[in-house]
Structure formats: C-alpha cells, structure tokens
Enquirer: 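Starting off with a structure, shown below.
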Amino acid sequence: MKLKKNQIVSSGGKDYRILDILGEGGQGEVYLAECEGHTYALKVYKEIPDPDFCYNLRNNIEKGSPSATFLWPRTLVQTEDSFGYVMDLRPKNYVSFVSYLTGKNKFRDQSTLLRWCIELCLSFKKLHEKGYSYQDLNDGSFFLDTDTGDLLICDNDNVTADKKNLGILGKMRYMAPEIVRGDVDPRTKERQMPDVHSDRFSLAVILFMALCLGNPYEGERLKDYPIMDEQGEYEMYGEKPIFI
C-alpha cells in the first residue's frame, strides 16, 4: 500500500508523519517520515510478508544492531493492510558504493579506502559473532564517506540467524558457487543455502572490487563474448552494461 504525504502511521505509541518518498524498489517503498522532531526512513512493503519474515524482523529489532555501521530496523509499523519498519536516515555525506565503482565518487586517498575495507570486515565479523548471516551481500548494500572512509550497511531486513533462510539466495556475480550450483548440504541433505561462509565469499568479491575496481571473475576475454541484455538482445560486453 502506498502512503500519502502527511499521512500518519503509528508504531509503539508514536506517530510518524509521511513527508516525502525517498525511493521505490521491488519489495516496497521507502519514505521520509517525521516523529517528535526527528526524521527517519520508513520502509513499507508492497505486500505483507509471510509470518516467518515478520517474526524474524521483529526478533532482529528486539536483539538490536550488532554495530553502529548497520542501518538496522528500529521499530515495526503495521496496519490492517500494510507492514514495514522504521530505520535511521543515511546522512547526506554518504554516497553509494556503486557510485564509487562507476567513478562518480572517489575516496580521498588510498589509506581512506583501506580504512573503509577494514571497517567493512570488522562489521561483518561482529554480525557473524552475533549469530547472524546477511545472505544477500552485493554492491548495493553499502554507503561510504569518501573523506573519512566511514561505512554504512543497508538492506538489513533480510538478515537472519545463521543456517536459517527466508528464500533469499543473493545476487548473481556475488553469490558463492555452492549456492549458485544448488549443492546439497552434507549435514542436512538439503540444498545449500546462504550462511556465514557464503557471506565471506561475497565479502571477498566486494573487497576485490573496492581495491581493484573490477570483478575478480571477469577478464579481458569476457569482452569477446555476447551477453543478453534486458530486452533479450545480445550485445558485446564492452558496448553496454551487462545484465546477469
């Protein structure tokens, strides 16, 4: 359900007034909301998620964020026909990791880049130590301050207890090979699902991309092969962005 400007959504005895829409994705819309003089981001899902997803999100909120680098859900918002959550806003001095990869934004210097990479590793170490796995680690998961190397991690509503999965497998080019192949877990005899170990694989890909500005599994020869685009037409790798 889409929310309207100045609409009031209540949660935990507090009223959140919708000021504007910040963005829209496949899962839902994110709004700018005001409560008691402070502004927040409020995500509302297009369809009410299944009970396991809602329970997991509520449980994560109660346990709290593993680190200040995570834009962690703060509180749930729920009405008869909508479901979502409130989180802190991304400060304006942070830019997306994708904008760094495309050259739109650059780190101040090499040491600032290395500081960001170290903070990324430490953040996921804390997440894993809390018993969580992120499960969908990709280039759209991060923000950065190019002057300080500070980090923010977004899209934390899919984070679950390790070895538990809510249907998210990940994003192609960042997924561990055992997840892509659908290997059988020797312990459970079921299909291998994302966990702490696949998180680390995806993290290694992100670190390589940050340091080398390229995917570790793509080389010059890839330019010789046609790739199918969104319209189902084949284009050479070097002429258009690929869609995988």
Side-chain angles (χ1 to χ4, degrees), residues 41 53 56-74 85 87-91 93-101 107-180 183 185 187-188 192-217:
F53 183 94
N56 180 73
L57 188 55
R58 182 178 293 107
N59 193 46
N60 289 355
I61 291 172
E62 291 176 354
K63 288 185 176 181
S65 175
S67 168
T69 54
F70 291 88
L71 290 171
W72 203 252
R74 296 172 59 94
Y85 65 91
M87 58 184 164
D88 289 330
L89 281 170
R90 168 176 61 91
N93 55 306
Y94 282 82
V95 299
S96 70
F97 181 61
V98 172
S99 73
Y100 161 72
L101 294 176
F107 284 98
R108 182 180 62 183
D109 50 37
Q110 192 73 9
S111 62
T112 306
L113 166 60
L114 292 175
R115 182 183 184 278
W116 185 85
C117 291
I118 292 170
E119 191 166 2
L120 182 63
C121 294
L122 291 175
S123 296
F124 276 89
K125 181 175 184 291
K126 291 176 182 178
L127 182 80
H128 295 157
E129 287 175 345
K130 288 284 187 178
Y132 292 113
S133 58
Y134 188 90
Q135 304 196 359
D136 188 21
L137 215 158
N138 61 74
D139 57 359
S141 304
F142 314 110
F143 296 103
L144 51 99
D145 185 323
T146 56
D147 291 327
T148 65
D150 288 339
L151 161 76
L152 285 175
I153 302 168
C154 61
D155 293 341
N156 297 296
D157 45 352
N158 291 317
V159 172
T160 67
D162 191 36
K163 302 300 182 184
K164 181 180 179 181
N165 184 265
L166 298 174
I168 301 297
L169 293 180
K171 182 177 179 179
M172 294 301 292
R173 302 173 75 213
Y174 303 93
M175 294 164 61
E178 66 271 18
I179 308 301
V180 177
D183 291 357
D185 188 328
R187 184 176 55 86
T188 64
Q192 187 82 31
M193 302 301 286
D195 58 11
V196 166
H197 302 293
S198 61
D199 273 2
R200 290 170 180 158
F201 177 93
S202 302
L203 179 60
V205 174
I206 292 295
L207 290 171
F208 185 96
M209 295 178 74
L211 296 169
C212 302
L213 293 176
N215 191 290
Y217 301 105

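For clarity, every value in this text was computed on a predicted model and none was experimentally measured.
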Enquirer: Test your reading of the model: is there a side-chain donor-acceptor pair from D147 to the backbone of D145, 3.5 Å cut-off?
Expert: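 Side chain of D147 to backbone of D145: no pair is present.
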Enquirer: Closest heavy-atom contact between C154 and F143?
Expert: SG-CE1, 3.6 Å
Enquirer: Taking D199 for the side chain and Q135 for the main chain, is one N or O donor matched with an acceptor at less than 3.5 Å?
Expert: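 Present.
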Enquirer: For the backbone of D155 and the side chain of N158, can you confirm whether one donor and one acceptor N or O come within less than 3.5 Å of each other?
Expert: no
Enquirer: With a 4.5 Å heavy-atom cut-off, do D185 and Q192 have their side chains touching?
Expert: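 Yes, close enough: below the 4.5 Å cut-off.
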Enquirer: Give a yes or no on whether K164 atom NZ has more than 12 heavy-atom contacts from other residues, nucleotides or ligands under 6.0 Å away.
Expert: yes
Enquirer: For the pair F107 and Y100, name the ring-plane relationship: parallel under 30°, tilted 30 to 60°, perpendicular over 60°.
Expert: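 The arrangement is perpendicular - the two ring planes meet at more than 60°.
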Enquirer: Do N138 and S141 come within less than 4.5 Å of each other through their side chains, counting heavy atoms only?
Expert: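 Answer yes - side chains close enough.
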Enquirer: Work out which heavy atom in P73 is nearest to a heavy atom in M87; give both atom names and the distance.
Expert: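 P73 and M87 have their closest heavy atoms at CA-CB, 4.4 Å.
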Enquirer: Hey, what do you get for CG (L211) to CH2 (W116), rounding to the nearest 0.5 Å?
Expert: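 The CG atom of L211 sits 9.0 Å away from the CH2 atom of W116.
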Enquirer: Do you know the tightest heavy-atom contact between G170 and D136?
Expert: CA-OD1, 3.3 Å
Enquirer: Between S67 (side chain only) and T69 (backbone N and O only), is there a donor and an acceptor less than 3.5 Å apart?
Expert: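 Yes, because the side chain of S67 sits within donor-acceptor range (under 3.5 Å) of the backbone of T69.
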Enquirer: Between R115 (side chain only) and T148 (backbone N and O only), is there a donor and an acceptor less than 3.5 Å apart?
Expert: yes
Enquirer: Quick one: does R173's side chain get under 4.5 Å of M209's, heavy atoms only?
Expert: no
Enquirer: Looking at K63 and Y132, what are the two nearest heavy atoms and their distance?
Expert: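 Taking every non-hydrogen atom into account, CB-OH, 3.4 Å.
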Enquirer: What are the two closest non-hydrogen atoms of C117 and L207, and how far apart are they?
Expert: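 Taking C117 first and L207 second, the nearest heavy atoms are CB-CD2, 3.8 Å.
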Enquirer: In chain order, what residues pass the side chain to side chain donor-acceptor pair (under 3.5 Å) check against K171, with sequence neighbours excluded?
Expert: D139
Enquirer: So, do Y134 and P194 sit near enough that their side-chain heavy atoms are less than 4.5 Å apart?
Expert: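 In short, these two side chains do not touch, never coming nearer than 4.5 Å.
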Enquirer: I'd like to know if the side chain of N60 reaches the main chain of V159, judged simply by a donor and an acceptor atom lying under 3.5 Å from each other, with no hydrogens or angles considered.
Expert: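 Present.
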Enquirer: Mark yes when over 12 heavy atoms from residues, nucleotides or ligands other than K125 sit less than 6.0 Å from its NZ; otherwise mark no.
Expert: no
Enquirer: Please round to the nearest 0.5 Å and tell me the distance separating atom CG of L71 and atom CG of L89.
Expert: 9.0 Å
Enquirer: So Y94 and D150, do their side chains get closer than 4.5 Å, heavy atoms only?
Expert: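 Side-chain contact under 4.5 Å: yes.
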Enquirer: Say you draw a straight line from CD1 of I179 to CD1 of I168; how long is it, rounded to the nearest 0.5 Å?
Expert: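 Output value for this atom pair is 13.0 Å.
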Enquirer: Show the nearest heavy-atom pair for residues F142 and L120, with the distance to one decimal.
Expert: CE2-CD1, 3.4 Å
Enquirer: Taking Y174's backbone N and O only, do any of them form a donor-acceptor pair with S202's side chain (distance below 3.5 Å, no angle check)?
Expert: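 Flag set: sc S202 to bb Y174 pair under 3.5 Å.
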Enquirer: Applying side chain to side chain contact (heavy atoms under 4.5 Å, CB included) to F70 and S123, what does each step give before you reach the verdict?
Expert: CA-CA 8 Å; F70 291 88; S123 296; 4.0 Å; yes
Enquirer: Between atom OG of S99 and atom CG of L144, what is the distance when rounded to the nearest 0.5 Å?
Expert: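 If I round to the nearest 0.5 Å, the distance is 6.0 Å.
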Enquirer: Given side chain to side chain contact (heavy atoms under 4.5 Å, CB included), test D88 with R74 step by step and report yes or no.
Expert: CA-CA 8 Å; D88 289 330; R74 296 172 59 94; 3.1 Å; yes
Enquirer: Out of curiosity, L203 CG to L137 CG, how far, rounded to the nearest 0.5 Å?
Expert: 6.0 Å
Enquirer: Taking side chain as C-beta onward, heavy atoms only, is V205 less than 4.5 Å from F208?
Expert: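 Heavy-atom side-chain distance check fails, nothing below 4.5 Å.
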Enquirer: To the nearest 0.5 Å, tell me how far D195 CG sits from R200 CZ.
Expert: 9.0 Å
